[in-house]
Visitor: 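Below are the structure tokens for one structure; questions will follow.
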Amino acid sequence: MKNMFLLLAFILMDNFAFAQTSGTIFYQEKSKLHFNIQGNAPPPANLPTERNAFSVLYFTPAATLYRNDPAKEEQPSLIEHESSDEGEGVHIRMDAPDNRFYCDLKNNKCTDQRDFMQRKFLIERDLKSTGWKLTGNQKMILNYSCQEATRQDDERKVTAWFTAAIPVSSGPASFCGLPGMVLEVNINDGDQVITATSVKADAMMESLIVKPKEGKKVTEEEFKKIREEKMKEMGVEGGGGNQVIIRINDR
């Protein structure tokens with residue numbers, strides 16, 4: 001009887017460990033909006049201050065895919081504003097771009113699909129994990145004990161919280177390469193915050209983790225140049241960020 005109990009205990013422990021390396025993590029992305037008002041009319045009042053989006057990360061020990069949450073496609077992408085003076089409606093459409101980030105963890109490769117100005121681009125590169133610095137700080141996220149790590153990405157200050165309880169070196173988008181799963185990312189002190197809202201264990205994730213194939217293949221440098229040139233054409237210097245351009249003219 002004792003031997004049977006020990007065997008059962010080992011089986012349960014093995015299933016628990018397996019559940020922590022394959023599944024789905026749901027994230028909420030909050031981004032502060034910076035409006036670029038152009039034109040000769042006064043800007044509308046009470047503009048939204050932030051944008052919320054919802055994403056998922058499908059993960060296995062071999063590969064991960066981060067993309068928009070298919071179950072949240074019904075979320076409103078149109079924010080309506082009524083002008084109190086003239087009764088005219090200002091419509092701000094902020095559809096979530098179809099960005100996808102695929103990680104081949106076995107071969108340390110990643111494929112980044114970027115949706116920019118109704119065009120898709122594919123960026124393939126090595127998966128780099130350098131630049132992270134552990135701070136020693138800890139906190140709980142969704143009952144997972146997490147550790148803090150920071151790094152500097154060009155002009156972005158990135159703070160990530162990861163848990164070794166999910167031993168997959170990945171996370172939302174390109175925020176990976178740590179010894180565990182990233183459950184929260186804070187960019188530029190709250191300018192953008194990505195937070196895990198739930199974790200679902202599922203051993204059958206391979207069919208959902210598909211490498212993106214749509215888009216023009218470019219390097220990271222080529223994509224940055226395309227984006228910067230287009231944003232400059234639209235009157236936004238510095239590449240854009242979470243900027244929304246509004247052109248208002250008197251009639």
Side-chain angles (χ1 to χ4, degrees), residues 12-33 49-73 75 96-97 99-103 105 108 110 112 127-153 156-205 208-209 241-242:
L12 290 174
M13 289 175 63
D14 182 67
N15 288 338
F16 178 79
F18 183 76
Q20 298 301 298
T21 58
S22 299
T24 304
I25 303 178
F26 298 87
Y27 292 89
Q28 182 176 14
E29 302 182 8
K30 291 186 177 182
S31 303
K32 292 182 180 179
L33 296 177
T49 59
E50 68 177 23
R51 177 185 179 278
N52 290 322
F54 302 90
S55 302
V56 295
L57 178 72
Y58 305 122
F59 67 94
T60 69
T64 64
L65 177 68
Y66 186 71
R67 54 161 297 178
N68 296 337
D69 186 352
K72 296 290 186 178
E73 291 180 350
Q75 63 182 317
N99 294 334
R100 304 187 184 200
F101 196 88
Y102 171 85
C103 290
L105 300 176
N108 290 321
C110 64
D112 191 358
L127 189 61
K128 296 182 179 179
S129 60
T130 58
W132 290 112
K133 296 180 180 179
L134 301 182
T135 66
N137 296 329
Q138 299 184 16
K139 72 174 183 178
M140 300 296 293
I141 301 175
L142 298 177
N143 293 322
Y144 290 95
S145 177
C146 296
Q147 301 180 58
E148 184 185 44
T150 62
R151 77 180 185 194
Q152 191 74 28
D153 287 349
R156 301 190 307 176
K157 175 187 175 184
V158 180
T159 300
W161 293 89
F162 70 97
T163 177
I166 305 177
V168 178
S169 181
S170 192
S174 61
F175 304 109
C176 50
L178 287 160
M181 182 63 71
V182 175
L183 297 183
E184 182 176 296
V185 177
N186 188 316
I187 302 171
N188 289 339
D189 298 320
D191 195 53
Q192 182 180 13
V193 179
I194 307 172
T195 307
T197 57
S198 65
V199 179
K200 178 183 177 182
D202 189 345
M204 306 298 293
M205 300 305 301
L208 297 176
I209 303 176
N242 299 322

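Nothing fancy with the numbering, it's 1 onward along the sequence.
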Visitor: Distance from Ser174 atom OG to Tyr66 atom OH, nearest 0.5 Å?
Guide: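 That separation rounds to 10.5 Å.
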Visitor: Could you check if a side-chain atom of Pro172 sits within less than 4.5 angstrom of a side-chain atom of Tyr27, using non-hydrogen atoms only?
Guide: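 In short, these two side chains touch, coming nearer than 4.5 Å.
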Visitor: Taking side chain as C-beta onward, heavy atoms only, is Val168 less than 4.5 Å from Leu105?
Guide: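 The answer is yes, as the side chains (C-beta and beyond) meet within the 4.5 Å cut-off.
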Visitor: Mark yes when over 12 heavy atoms from residues, nucleotides or ligands other than Lys139 sit less than 6.0 Å from its NZ; otherwise mark no.
Guide: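 Atom NZ in Lys139 is packed in, count exceeds 12.
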Visitor: Using modelled atom types and a 3.5 Å cut-off, is there a donor and acceptor pairing between side-chain atoms of Thr163 and backbone atoms of Ser145?
Guide: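 Between the backbone of Ser145 and the side chain of Thr163 there is a qualifying donor-acceptor contact (under 3.5 Å).
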Visitor: Please report the shortest heavy-atom distance between Gln192 and Ser31, naming the atom on each side.
Guide: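 Here Gln192 and Ser31 meet closest at CG-OG, 3.5 Å.
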Visitor: Are Gln152 and Lys157 close enough that some pair of their side-chain heavy atoms sits under 4.5 Å apart?
Guide: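 Touching, per the 4.5 Å side-chain cut-off.
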Visitor: Among Asp191, Asn188, Ile187, find the residue that satisfies the side chain to side chain contact (heavy atoms under 4.5 Å, CB included) test when tested with Lys32.
Guide: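 Single pass found, and it is Asp191.
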Visitor: Can Thr197 and Gln28 be counted as having a side-chain donor-acceptor contact under 3.5 angstrom?
Guide: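 No.
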Visitor: Treating Trp132 as the side-chain partner and Cys176 as the backbone partner, does any N or O pair qualify as donor plus acceptor under 3.5 Å?
Guide: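 Between the backbone of Cys176 and the side chain of Trp132 there is a qualifying donor-acceptor contact (under 3.5 Å).
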Visitor: So do the side chains of Asn68 and Ser55 get within less than 4.5 Å of each other, counting heavy atoms only?
Guide: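 When only atoms from C-beta onward are counted, Ser55 and Asn68 do touch, with a gap below 4.5 Å.
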Visitor: Identify the two heavy atoms, one from Phe162 and one from Ala149, that lie closest to each other, and give their separation to 0.1 Å.
Guide: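 Looking at all heavy atoms of both residues, the closest pair is CE2-CB, 4.3 Å.
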Visitor: Would a distance-only check, ignoring hydrogens and angles, find a side-chain to backbone donor-acceptor pair under 3.5 Å from Ser169 to Leu178?
Guide: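 It does hold such a pair.
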Visitor: Any side-chain heavy atom of Tyr102 sitting closer than 4.5 Å to one from Arg67?
Guide: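 No - every pair of side-chain heavy atoms lies 4.5 Å or more apart.
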Visitor: Spell out, as yes or no, whether a donor-acceptor pair under 3.5 Å connects the side chain of Thr24 to the backbone of Lys200.
Guide: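 No, Thr24 side chain to Lys200 backbone: no donor-acceptor pair under 3.5 Å.
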Visitor: Taking all heavy atoms of Ile141 and all of Ala196, pick out the closest pair and write down the distance.
Guide: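 Closest approach of Ile141 to Ala196: CG2-O, 4.5 Å.
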Visitor: In Å, rounded to the nearest 0.5 Å, how long is the span from CG of Leu208 to CZ of Phe59?
Guide: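 Reported value, rounded in 0.5 Å steps: 12.5 Å.
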Visitor: Atom OG1 of Thr135 and atom CD of Glu148: how far apart are they, to the nearest 0.5 Å?
Guide: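 One gets 3.5 Å once the value is rounded to the nearest 0.5 Å.
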Visitor: Does a side-chain heavy-atom distance below 4.5 Å link Phe101 with Leu57?
Guide: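 No, every pair of side-chain atoms sits at 4.5 Å or beyond.
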Visitor: Side-chain contact, heavy-atom cut-off 4.5 Å: Glu184 with Phe175?
Guide: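 They are not in contact (no side-chain heavy atoms under 4.5 Å apart), so the answer is no.
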Visitor: Mind checking the OH-CD1 spacing from Tyr144 to Ile166? Nearest 0.5 Å is all I need.
Guide: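 The CD1 atom of Ile166 is 4.0 Å from OH of Tyr144, to the nearest 0.5 Å.
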Visitor: I need the Leu183 CG to Leu142 CG distance, nearest 0.5 Å.
Guide: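 Answer for the CG-CG pair, Leu183 versus Leu142, is 6.5 Å.
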Visitor: Are side-chain heavy atoms of Trp161 and Thr195 found at a separation under 4.5 Å?
Guide: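 In short, these two side chains do not touch, never coming nearer than 4.5 Å.
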